[in-house]
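Worksheet for the structure shown next.
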Protein chains: 2
Amino acid sequence: MNLKIAIQGVAGSNHHQVALDYFGSKITLVECLSFDALVQALLSQKADQAVMAIENSIAGSIIPNYALVHQHQIAITGEHYQSIRHHIMASAGQKMEQIEEVHSHPMALLQCKDFLGQYPHLKLVEAADTALVAQQIAEKGLSQVAAIAPPMAAQMYGLEVLREDVQTIQNNATRFIALQLRDQLELEATKQGEINKASLRFITDHKRGSLATVLNVMSDCHLNLTKIQSLPVIETPWKYAFFVDVTFEEYRHFEKAHALLTIMTEHFQVLGEYTNALKS
Amino acid sequence: MNLKIAIQGVAGSNHHQVALDYFGSKITLVECLSFDALVQALLSQKADQAVMAIENSIAGSIIPNYALVHQHQIAITGEHYQSIRHHIMASAGQKMEQIEEVHSHPMALLQCKDFLGQYPHLKLVEAADTALVAQQIAEKGLSQVAAIAPPMAAQMYGLEVLREDVQTIQNNATRFIALQLRDQLELEATKQGEINKASLRFITDHKRGSLATVLNVMSDCHLNLTKIQSLPVIETPWKYAFFVDVTFEEYRHFEKAHALLTIMTEHFQVLGEYTNALKS
């Protein structure tokens with residue numbers, strides 16, 4: 001039976017591409033039109049696992065997604081990096097000169113700001129998903145309207161690519177995480193793979209140097225910090241929680257740090273333990 | 001002569017309210033429909049100073065704004081915290097039951113998710129600015145359409161408030177920064193006010209513990225960390241820069257840390273020195 005994978009967006013989206021690259025082609029897509037819906041698909045067991053964008057090299061972390069992971073009984077089981085490509089696509093026969101509106105996700109429009117700046121007459125319209133716009137242009141046979149969407153969407157919906165790679169930053173890596181209900185984690189199975197990265201959340205008190213003390217412990221335990229982010233604690237403005245990613249060579253080093261940090265910090269939480277997708 | 005203050009959005013927006021609260025009522029507004037345009041207004045000297053949202057207690061930092069500050073010759077000269085209130089407003093005589101569309105900024109729609117969830121038939125339409133939507137409803141005398149916008153927008157454009165405070169989190173503080181061209185900073189004048197907070201940016205190498213070492217120096221110099229954020233270095237995915245806010249009691253402590261960190265880190269930059277708006 002195919003694994004049911006929840007993605008944000010519809011078939012042809014970046015999330016779809018990542019699901020194929022990460023889980024292989026034998027999957028059944030569960031299309032979700034928001035990240036909230038994606039988490040609900042896991043909680044209601046409509047999906048076995050999910051793929052979720054978590055940060056990119058332009059805009060940084062997608063903070064509300066960190067909150068979704070931390071607030072629900074779901075765990076990060078892996079990560080995948082994808083270089084995001086944006087093409088401009090429209091119904092067959094349309095030329096760039098005929099286009100009057102460009103529809104896409106706000107983040108995609110932002111990422112193509114320099115290109116779009118060359119066409120100041122274009123009306124930019126924000127949409128819920130890049131591939132969804134491509135699908136709608138194809139279904140309705142729209143003219144004078146183009147989508148900014150991934151290469152896969154053009155193939156999938158039979159649209160013509162008017163311009164390739166219109167993103168401003170060519171090297172736009174986005175990090176995706178794989179998610180699963182905590183109840184369904186097969187711990188033994190997970191631990192058989194190489195666990196050399198973990199995502200953590202904790203709260204420290206406001207004393208000067210308390211974060212430095214935590215980072216010293218991590219360093220002493222041979223953990224390498226790959227990401228840190230302070231975040232206001234909701235309902236308590238300006239009290240900060242920390243989201244931290246660490247990599248390590250030996251799992252026992254992580255276990256030692258885990259034990260120490262549980263004592264040293266408030267609400268210490270392991271959001272997931274998984275295999276580092278980047279070679280160091 | 002009135003001080004010309006650039007804001008994101010139009011009169012009646014949260015930025016307008018903050019400009020009045022921070023700079024007083026004797027200002028001339030320079031309305032900008034994007035944060036890019038706001039920075040351009042400073043660079044072209046159309047505005048003397050600017051007010052910019054930088055983080056809120058729900059979504060965290062507005063990362064692209066950090067990039068704007070760091071990439072241009074502008075400095076942070078102050079900060080202001082504002083508790084964001086969202087009202088639902090429409091043309092006079094409209095009732096909540098008659099509303100079919102709600103227009104607002106995507107962030108405002110997100111912040112009112114729970115309230116809007118009670119009206120699943122409502123079509124949510126994303127717009128560039130909260131107050132701009134209120135203005136358009138008033139000018140066009142639209143019916144069946146409501147805006148989510150700040151209280152001030154209802155007064156300013158003569159709209160009727162249908163529901164007050166529809167934000168999900170009642171305690172939604174947003175942090176704004178005041179900005180000025182670096183060339184125009186009157187250093188002496190600035191330093192006369194109490195300087196007890198600074199915003200910094202630096203890059204560290206990837207060695208284990210290098211961030212801990214930096215934070216140890218800060219702690220040794222009696223600096224208190226109020227915010228930390230790692231951010232990918234654009235065009236070099238997964239190499240991280242750090243944005244850090246620190247508070248201190250004595251300026252000489254900050255000067256000492258400044259001297260040490262300039263040697264210890266790459267591209268050390270003081271984005272601004274100013275007065276902490278929060279009592280500790």
Side-chain angles (χ1 to χ4, degrees), chain A residues 36 55-64 66-67 81 83 106 110 113 125-128 169-175 206-220 222-240 242-245 247 278 280, chain B residues 36 55-64 66-67 81 83 106 110 113 125-128 169-175 206-220 222-240 242-245 247 278 280:
Chain A
D36 275 330
E55 61 181 314
N56 76 55
S57 47
I58 297 176
S61 301
I62 304 170
I63 298 290
Y66 271 90
Y81 294 88
S83 189
L110 184 71
K113 207 166 65 171
V125 179
E126 298 188 348
I169 310 277
Q170 291 307 317
N171 212 351
N172 176 20
T174 294
R175 180 178 175 230
H206 286 262
K207 276 213 316 266
R208 176 163 56 78
S210 51
L211 179 62
T213 309
V214 168
L215 297 192
N216 287 338
V217 167
M218 288 182 180
S219 175
D220 290 347
H222 306 278
L223 304 191
N224 193 18
L225 203 77
T226 62
K227 176 189 177 66
I228 183 166
Q229 168 111 38
S230 64
L231 200 67
V233 178
I234 302 254
E235 293 288 4
T236 317
W238 320 117
K239 183 173 184 187
Y240 281 89
F242 295 92
F243 285 94
V244 169
D245 287 347
T247 58
L278 289 183
S280 57
Chain B
D36 275 330
E55 60 181 316
N56 75 56
S57 48
I58 297 175
S61 301
I62 304 171
I63 298 290
Y66 270 91
Y81 294 89
S83 191
L110 184 71
K113 208 165 65 170
V125 180
E126 299 188 347
I169 311 278
Q170 292 305 319
N171 212 350
N172 177 20
T174 293
R175 180 179 174 227
H206 286 260
K207 276 210 317 266
R208 177 162 57 76
S210 50
L211 178 64
T213 309
V214 167
L215 297 192
N216 287 337
V217 167
M218 289 182 179
S219 174
D220 290 347
H222 305 277
L223 305 190
N224 193 17
L225 203 77
T226 62
K227 176 188 175 64
I228 182 165
Q229 168 109 39
S230 65
L231 201 66
V233 179
I234 300 256
E235 293 289 3
T236 316
W238 320 118
K239 184 176 183 185
Y240 281 89
F242 295 93
F243 285 93
V244 169
D245 287 348
T247 58
L278 289 184
S280 58

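As a basis for the values below, the full set of heavy atoms in this structure was taken, side chains included, without hydrogen atoms, waters or symmetry mates. Naming: A, B, ... by sequence-line order, numbering from 1 per chain.
Only the side chain of Phe242(B) comes within less than 4.5 Å of a heavy atom of chain A; its backbone N, CA, C and O stay farther away. For Leu225(B), the part lying under 4.5 angstrom from a heavy atom of chain A is the side chain only.
With Ser230(A) contributing its side chain and Lys227(B) its backbone, the two residues share no donor-acceptor pair below 3.5 Å.
With Asn216(B) as the fixed residue, the side chain to side chain contact (heavy atoms under 4.5 Å, CB included) test singles out one of Asn216(A), Thr213(A), Leu215(A): Asn216(A).
To the nearest 0.5 Å, atoms OG1 (Thr226(B)) and CG (Leu211(A)) are separated by 11.5 Å.
At least one side-chain heavy atom of Lys113(B) sits less than 4.5 Å from a side-chain heavy atom of Asp36(A).
If you tally non-hydrogen atom pairs under 4.5 Å between each of Leu223(A), Val214(A), Val125(A) and chain B, the highest count goes to Leu223(A).
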